[in-house]
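Let me begin by presenting the structure, written as structure tokens, before commenting on it.
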Protein chains: 2
Amino acid sequence: MTQQVEEATRRTPLNRDRVLSAAVVLADEAGIESLSMRRLAQELGVVPMALYKHVANKEELLDGMVGVIVGEIDPPVSGADWRNAVRLRILSARRSLLRHPWVRQVLESRTNRTPAVLGYVDSFIGMFLAGGFSVDLTHHVMHALGSRMWGFTQELFDDSANAASAPVTAETQAAMFQEMATRYPNILEVAMAAKHDDGSVVGQGCDDQFEFEFALDLLLDGFGRFHDQGWTSKRAKLAK
Amino acid sequence: MTQQVEEATRRTPLNRDRVLSAAVVLADEAGIESLSMRRLAQELGVVPMALYKHVANKEELLDGMVGVIVGEIDPPVSGADWRNAVRLRILSARRSLLRHPWVRQVLESRTNRTPAVLGYVDSFIGMFLAGGFSVDLTHHVMHALGSRMWGFTQELFDDSANAASAPVTAETQAAMFQEMATRYPNILEVAMAAKHDDGSVVGQGCDDQFEFEFALDLLLDGFGRFHDQGWTSKRAKLAK
DNA sequence: CCCGATAAGTGTACTCCGTACACCTGTCGG
DNA sequence: CCGACAGGTGTACGGAGTACACTTATCGGG
């Protein structure tokens with residue numbers, strides 16, 4: 001009798017997609033470090049071991065989550081030259097990854113050879129080949145792109161965690177400044193030049209999107225030059 | 001009486017450096033994933049909590065370990081032009097990091113603002129400034145370098161774990177090949193072209209060092225071009 | 001109409017992790 | 001000689017991933 005009400009509360013018997021979606025939401029909202037099997041189960045109103053009926057283990061869960069995000073990336077635009085196709089695709093990937101910052105860490109931390117990732121890489125290679133790149137050059141170009149293919153760069157000094165930290169007093173600020181000035185004068189100089197209006201000393205105040213596109217275009221320009229001049233690795237190796 | 005012998009066995013009362021060195025050795029030999037405070041303590045013939053007298057916590061241990069490796073990187077060569085100075089330094093860093101593969105993961109997984117890392121970055125910036133680069137261009141150039149400053153690239157498909165895995169039968173090999181051919185034809189094509197003599201299907205058979213230098217030189221060439229033509233970010237932004 | 005197979009969810013328990021905290025011990029300067 | 005202090009110990013806690021044995025719900029066929 002009372003049974004019926006409880007059953008209605010938690011219907012839809014939980015499947016792989018619901019598990020993955022919930023995991024993505026949890027990682028988005030609480031951070032990847034808060035994503036544990038136990039926490040995820042709790043979020044789904046279920047006992048931890050129930051998840052293992054839908055994913056083999058945590059590794060596979062992470063793989064699946066990456067797959068979900070990779071699925072959000074726009075497919076290659078058709079009818080564009082290779083440069084624009086690649087560029088737009090990467091910027092689309094970047095938009096997806098910026099919405100889900102945890103993906104970066106997951107992609108970096110483990111070898112990822114899931115169908116979703118392989119599919120993305122494959123279509124990526126396809127854009128170069130379709131653009132007339134030789135298989136040889138395409139290979140090296142893919143290595144040169146590296147993780148930039150996903151739309152992210154290694155951030156040396158990620159200041160994104162600053163919001164939560166305690167407000168620094170003027171004295172500490174001054175002391176840090178002094179410390180930097182004597183120990184790391186070059187970093188300081190660059191950081192000072194980069195800061196626009198906010199008063200932060202190191203990092204930020206610089207336009208990440210601009211930095212990314214700067215490096216990306218630099219690479220793409222290089223690729224194009226090599227392509228135009230019929231570069232081959234054999235010739236390059238002989239020239240050394 | 002027997003006391004004396006035991007005490008002689010484990011002399012030298014353990015200090016920060018010994019802890020860090022042991023941690024580095026352990027990570028080198030057993031992999032970073034096997035490095036736990038308990039395991040490390042055991043290796044040092046000490047109880048786990050003893051370590052906390054020398055490092056605040058595991059994070060600081062990892063920071064210290066990175067510091068040890070960064071300390072192994074050659075200082076900038078003097079009297080070279082910026083390009084050679086940067087190139088040689090990066091290749092030196094690469095040699096160090098290849099000896100200690102775990103550093104890559106540690107550097108990637110966390111924001112690293114230790115003195116050792118800051119010092120490295122600072123001296124790195126210094127090489128560009130000394131080469132006549134504007135502060136502005138240096139800033140963007142550092143972003144473009146990203147983790148390549150450390151001598152590593154994001155490896156999409158790291159096959160280094162293959163040695164330990166079970167030998168695949170001819171049938172499985174063939175099945176995998178078939179799978180690849182239909183699902184990821186472009187990856188397959190590139191992989192086939194890259195393989196030299198070994199029979200592996202995906203990855204390896206390609207010269208990682210060559211790939212790295214290919215990308216590095218491409219970037220350095222771009223940097224040089226920008227430098228020569230007096231590039232500034234302001235002008236670049238206006239041009240868009 | 002029941003029945004057994006299969007899928008989904010549960011409960012308990014194990015091992016391993018980082019580390020807080022109270023304690024002991026050996027050394028050394030006053 | 002003594003007391004402070006640095007270095008090492010022992011115990012314990014909470015949290016992680018997950019193995020394994022179990023109940024329960026569903027449903028097609030005799």
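Just so it is clear, the structure is predicted and the values come from calculations on it, not from any experiment. Sequence lines set the chain letters: A, B, ... in the order given, protein chains first and strands last, and positions in each chain run from 1.
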Rounded interatomic separation in angstrom, taking CG from A:L14 and C1' from D:dA25: 15 Å
Residue pair A:S123 / A:R89, side-chain donor-acceptor N/O under 3.5 Å: yes
Basic-acidic side-chain contact under 4.0 Å: A:E60, A:R16: yes
N/O donor-acceptor pair under 3.5 Å between B:Y120 side chain and B:M149 backbone: yes
Under 3.5 Å donor-acceptor, B:R148 side chain and B:A215 backbone: no
Spacing between B:R39 atom CZ and C:dG18 atom P, to the nearest angstrom: 12 Å
Nucleotide D:dA16, atom P - distance to CD of A:E59 in whole Å: 17 Å
Inter-axis angle, terminal five-pair segments of the helix from C:dC1-D:dG30 to C:dG30-D:dC1 [nearest 10°]: 20°
Length of the CG-P vector between B:L40 and C:dT19, whole Å: 13 Å
DNA chain C contacts among residues 49-58 of chain B, heavy-atom distance under 4.0 Å: B:M49, B:Y52, B:N57, B:K58
Any donor-acceptor N/O pair under 3.5 Å between D:dG15 base and A:R38 side chain: no
Side-chain donor or acceptor of A:S92 paired with backbone N/O of A:L88 under 3.5 Å: no
A:F210/B:H140 aromatic ring centres below 6.0 Å: yes
Distance in angstrom units between B:M37 CE and D:dC13 C1', rounded: 17 Å
Expected output: side-chain B:N186 to main-chain A:I125 donor-acceptor under 3.5 Å: no
A:L35 CG - D:dA16 C1' separation (whole Å): 12 Å
Lys/Arg N to Asp/Glu carboxylate O, A:E213 vs A:R94, below 4.0 Å: no
Pair A:D74 + A:R95, salt bridge at N-O below 4.0 Å: yes
Atom pair distance, as rounded to whole Å: CG in B:L44 and P in D:dG7: 15 Å
Atom pair distance, as rounded to whole Å: CD in B:Q42 and C1' in C:dG18: 16 Å
